[in-house]
Amino acid sequence: MDSVDRIIAAWTRERPDLPVGLMEVWSRVTRLSRLLDRERSRAFATWDLEAWEFDVLAALRRSGRPYRMSPGQLLSELEVASGTMTNRIARLSDRGLVRRRRHPSDGRSALVELTDEGRARVDGALSELLSSEGRLLDDLDSADVEQLGAGLRAVLGHQENRIIPRGGGPSLG
């Protein structure tokens, strides 16, 4: 029995007229999300990064050499407001983790480029994140992990297809 089972049992007792069993999935997802957020924050803090900083640096790192994207591409990848992205780029630039470059074919545009320090931090943070997330699954059988991943993929895919236009979706590392 876990905490969600206890909550559902209490609601079933108090409100037998409602289908409180529906809480089983989303209450667990919510509780796991909180746990994962705490673990991610610890992993990123090891490399002196906040979660939002990791997201921007990770998007640039995943883009491949030369680890450069336009602010518009970052907006699309990370799904944040334009002003938010401008602020994030400025803060990361002040820390020496990214630099702005003039776009080679459009002088009116800029590119955001990962610095060597930014790459070292995001690579280190990614390794720490994977170790941390791996520990959360250590006690589970690999077949259970695979089944869980497939189930979550089905639910998320269905929701994204209902809500998010094709090709969109937030970056989470």
Side-chain angles (χ1 to χ4, degrees), residues 28-140 142 145-146 148-157 159-161 163-173:
R28 285 189 176 92
V29 167
T30 298
R31 286 173 179 264
L32 284 168
S33 175
R34 289 182 194 136
L35 172 66
L36 185 59
D37 284 346
R38 285 192 302 271
E39 290 299 314
R40 284 177 160 234
S41 291
R42 280 189 203 114
F44 299 149
T46 302
W47 288 88
D48 192 28
L49 293 173
E50 298 287 332
W52 67 265
E53 291 173 310
F54 177 82
D55 284 346
V56 175
L57 298 176
L60 290 166
R61 180 66 167 97
R62 288 191 313 267
S63 73
R65 287 193 187 276
Y67 312 119
R68 197 181 284 162
M69 297 172 82
S70 71
Q73 288 171 307
L74 284 167
L75 279 172
S76 176
E77 178 80 16
L78 300 174
E79 292 190 336
V80 297
S82 178
T84 299
M85 184 54 65
T86 299
N87 181 280
R88 289 180 178 184
I89 292 167
R91 290 173 65 187
L92 288 167
S93 179
D94 289 346
R95 292 190 64 198
L97 303 177
V98 302
R99 69 171 75 65
R100 287 179 167 273
R101 295 264 188 210
R102 187 161 271 196
H103 196 289
S105 61
D106 181 359
R108 298 169 297 161
S109 298
L111 293 172
V112 180
E113 181 178 87
L114 195 59
T115 63
D116 290 341
E117 176 65 19
R119 192 172 113 212
R121 292 238 192 140
V122 74
D123 283 354
L126 178 62
S127 293
E128 186 67 31
L129 174 66
L130 294 173
S131 293
S132 176
E133 289 183 356
R135 286 189 298 273
L136 293 174
L137 299 172
D138 270 349
D139 296 333
L140 297 176
S142 62
V145 173
E146 190 174 317
L148 176 60
L152 291 171
R153 181 182 304 108
V155 173
L156 182 60
Q159 295 304 317
E160 286 179 342
N161 287 331
I163 299 168
I164 301 171
R166 286 242 174 239
S171 171
L172 297 174

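Residue numbers start at 1 and run along the sequence shown. The structure displayed is predicted, hence computed values, not measured ones. No hydrogens, no waters, no symmetry mates; every other heavy atom, side chains included, goes into these values.
To the nearest 0.5 angstrom, Leu57 atom CG is 9.0 Å from Arg121 atom CZ. A distance of 9.5 Å separates CD in Gln73 from CG in Leu60, rounded to the nearest 0.5 Å. Interatomic distance, Thr115 OG1 to Arg99 CZ, rounded to the nearest 0.5 Å: 6.0 Å. Taking CE of Met85 as the start and CG of Leu92 as the end, the distance is 9.0 Å to the nearest 0.5 Å. Once rounded to the nearest 0.5 Å, the distance linking OG of Ser132 with CG of Leu137 reads 10.0 Å. Interatomic distance, CZ of Arg91 versus CD of Glu53, reported as 6.5 Å (0.5 Å rounding).
Exactly one residue among Arg100, Arg101, Arg61, Arg65 makes a salt bridge (Lys or Arg N to Asp or Glu O under 4.0 Å) with Glu113. That residue is Arg101.
Remark: side-chain polar atoms of Ser76 are not paired, donor with acceptor, to backbone N or O of Gly72 under 3.5 angstrom. Not one N or O on the side chain of Ser93 forms a donor-acceptor pair closer than 3.5 Å with the backbone of Ile89. Looking at Asn87, its side chain never comes within 3.5 Å of a backbone N or O of Gly83 through a donor-acceptor pair. A donor-acceptor pair under 3.5 Å is formed between the side chain of Ser131 and the backbone N or O of Ser127.
Nearest approach of Ala59 to Met69, heavy atoms of both residues: O-SD, 3.5 Å. The nearest pair of heavy atoms linking Pro71 to Val112 is CG-CG2, 4.1 Å. Summarising the geometry of Ala125 relative to Phe44, their closest heavy-atom pair is CB-CD2, 4.1 Å, with the distance given to 0.1 Å.
Inter-residue side-chain proximity for Leu49 and Leu97 is flagged as met; some heavy-atom pair is nearer than 4.5 Å. With contacts defined as side-chain heavy-atom distances shorter than 4.5 Å, the pair Phe54/Leu126 qualifies.
Here Ser63 pairs with nothing under the side chain to side chain donor-acceptor pair (under 3.5 Å) rule; sequence neighbours left out. Among residues two or more places apart in sequence or in another chain, the salt bridge (Lys or Arg N to Asp or Glu O under 4.0 Å) test is passed with Glu133 by Arg40. Every residue two or more places apart in sequence or in another chain was checked for a salt bridge (Lys or Arg N to Asp or Glu O under 4.0 Å) with Arg31, and none qualifies.
Taking a 6.0 Å sphere around CG of Asp138, one finds it holds more than 12 heavy atoms contributed by other residues, nucleotides or ligands. More than 12 heavy atoms of other residues, nucleotides or ligands sit less than 6.0 Å from atom CG of Asp94.
No salt bridge links Arg88 with Asp55; every basic N to acidic carboxylate O contact stays at or beyond 4.0 Å. Classification of Glu77 and Arg62 as a salt-bridged pair holds, one side-chain N sitting under 4.0 Å from a carboxylate O.
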| field | Step-by-step side-chain contact (heavy atoms from CB on, under 4.5 Å) determination, Leu75 to Val80 | value | CA-CA 6 Å; Leu75 279 172; Val80 297; 4.2 Å; yes
| task | Take Tyr67 and Val98 through the side-chain contact (heavy atoms from CB on, under 4.5 Å) test and state the conclusion after the steps. | result | CA-CA 10 Å; Tyr67 312 119; Val98 302; over 6 Å; no
